[in-house]
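Both ligands and their constituent atoms are indexed starting at 1 by order of listing.
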Amino acid sequence: MSSSRQPFSASDLDRIRAATFVRRVELHNQLGSTNDLALQRAARDTLETPWLVLAERQTRGRGRGSNRWWSAEGSLTFSLVLDTSPSGQAPGPRPQVALAAGLAVCLAIDRQLPDHRPALKWPNDVYLQGRKVCGILIEVPHGKRSRMVIGVGVNVNNSFARAPVEQRRIAVSMRDVTHRWQPRTEVLIELLRQLESLLGTLQSDLPRMIQRCRDYCMLQGKIVQCHSGGRQVQGRCRGMDHDGALVLETDAGVHRCVSGECSLADP
Ligand code: BTN
């Protein structure tokens, strides 16, 4: 069996449940989108959370906006349903939970690849060697505002080495940078543990969590375009504010991006 084709086993699922805060795991060989199924699950009143939907392959993976998420064999694609009520796992404001998810991926990759420093592109894209290694799509189910779905795609063993040149320029996998197969279960377990811990820190010590995000921020000092609420603002990134907002110094003064998406003006 080729090393990118090592599927999750029943014992991997047992380990995920035993080692993390996840209560239930469902594994699918193929799904359209793990987020689509997780949004359906999230509508059930009796769902035990955190509920994990894991897929070996997605055929219609979704990215933010109208983007698609290409998840070939060997990538890690999952969606986690969390309870956002005051007694749930993710009671914090959505933009901060989004940051916690991105930081959790950075910390998990850092643990797995100590020689390759990941970087966080606010709010929650993760980059390795200047190319995107992980994307996160957070959604709230219609009519169920007490739940949240965090969809995560990490390029673990899906190599871009033979991908078209435009893709190779922007995307990379953990395997591409190390030239070694990487254990997806370990990456997933570490990511979930970090996420649980950060969701706690977000409640108990927000400045500490924001400081850790700043440590990984790849936009600091760069000219950045931020799209938020139908508006586009360009300015030099002056880091993250106390609440996680991205601070841009623009011609018209200081602008705070609380949520949205951004790109480097001159990548
Ligand atoms: C982005 O960078 O635009 C976000 C990409 C999110 C991809 C993940 S893969 C698992 C989950 N299911 C989806 O359909 N999308 C998310």
Side-chain angles (χ1 to χ4, degrees), residues 4 8 16 22 25-43 50-82 90 94-95 97-106 108-109 118-128 130-142 147-158 160 163 166-167 169-174 184-185 187-188 191-192 195 216 218-219 224-228 246 259-264 267:
S4 67
F8 288 105
I16 292 165
V22 163
V25 186
E26 53 176 305
L27 170 66
H28 298 264
N29 195 34
Q30 182 167 302
L31 275 182
S33 152
T34 56
N35 261 39
D36 287 349
L37 186 60
L39 285 168
Q40 284 177 30
R41 299 288 190 250
W51 180 289
L52 182 68
V53 178
L54 189 57
E56 293 289 356
R57 295 165 57 85
Q58 291 186 129
T59 52
R60 289 189 312 278
R62 295 189 286 110
R64 289 195 294 269
S66 57
N67 294 342
R68 290 195 58 183
W69 182 258
W70 190 250
S71 22
E73 208 153 25
S75 66
L76 172 62
T77 49
F78 68 90
S79 300
L80 189 65
V81 184
L82 296 178
R94 183 134 63 112
V97 174
L99 274 177
L103 179 58
V105 175
C106 286
I109 292 179
L120 183 65
K121 181 162 87 59
W122 186 95
N124 55 20
D125 282 339
V126 179
Y127 279 62
L128 260 183
R131 288 166 289 169
K132 185 157 162 172
V133 69
C134 167
I136 297 178
L137 176 65
I138 298 189
E139 297 181 298
V140 174
H142 288 297
R147 299 257 165 83
M148 171 190 278
V149 170
I150 302 183
V152 182
V154 188
N155 298 324
V156 179
N157 288 312
N158 48 319
F160 288 85
E166 333 60 90
Q167 266 204 26
R169 226 170 23 86
I170 57 173
V172 76
S173 71
M174 294 171 69
R184 282 187 307 174
T185 306
V187 175
L188 176 57
L191 195 165
L192 292 167
L195 180 62
Y216 285 92
M218 64 180 255
L219 300 177
V224 169
Q225 271 170 1
C226 193
H227 312 259
S228 170
L246 195 73
S259 63
E261 209 175 322
C262 52
S263 52
L264 285 170

Hey, which atoms in ligand 1 end up nearer than 4.0 Å to a heavy atom of Lys132?
1 (C), 2 (O)
For atom 10 (C) of ligand 1, the closest protein heavy atom turns out to be Thr34 OG1, 3.2 Å
Part of Ile136 within contact of ligand 1 (heavy atoms, under 4.0 Å)
backbone
Between the side chains of Asp125 and Arg64, is the shortest nitrogen-to-carboxylate-oxygen separation below 4.0 Å, so that they form an ion pair?
yes
With heavy-atom distances below 4.0 Å as the criterion, list the atoms of ligand 1 near Gly153.
8 (C), 9 (S)
Can you confirm whether Phe78 sits close enough to Leu188 that some side-chain heavy atom of one is under 4.5 Å from a side-chain heavy atom of the other?
yes
For atom 5 (C) of ligand 1, grab the closest protein heavy atom and report residue, atom and distance to one decimal in Å.
Trp69 CE3, 3.4 Å
heavy-atom search around atom 9 (S) of ligand 1 in the protein gives Gln58 NE2, 3.5 Å
Which of the ligand 1 atoms, numbered from 1, are nearer than 4.0 Å to a heavy atom of Gly63:
1 (C), 3 (O), 4 (C), 5 (C)
Closest to atom 3 (O) of ligand 1 (judged by heavy-atom distance), picking from Arg62, Lys121, Arg60, Arg64:
Arg64
Give the atom numbers and elements of ligand 1 that come within less than 4.0 Å of a heavy atom of Asp125.
2 (O)
Is there side-chain contact between Asp36 and Arg62, with heavy atoms separated by less than 4.5 Å?
yes
Side chain Lys121, main chain Cys262, donor-acceptor under 3.5 Å
yes
Under 4.0 Å between a Lys/Arg side-chain N and an Asp/Glu carboxylate O for Glu139 and Arg147?
no
Indicate whether any N or O donor in one side chain lies under 3.5 Å from an N or O acceptor in the other, for Gln167 and Trp70.
no
Gly61 near ligand 1 by a heavy-atom separation under 4.0 Å
yes
For residues His28 and Leu37, determine if any side-chain heavy atom of one lies less than 4.5 Å from a side-chain heavy atom of the other.
yes
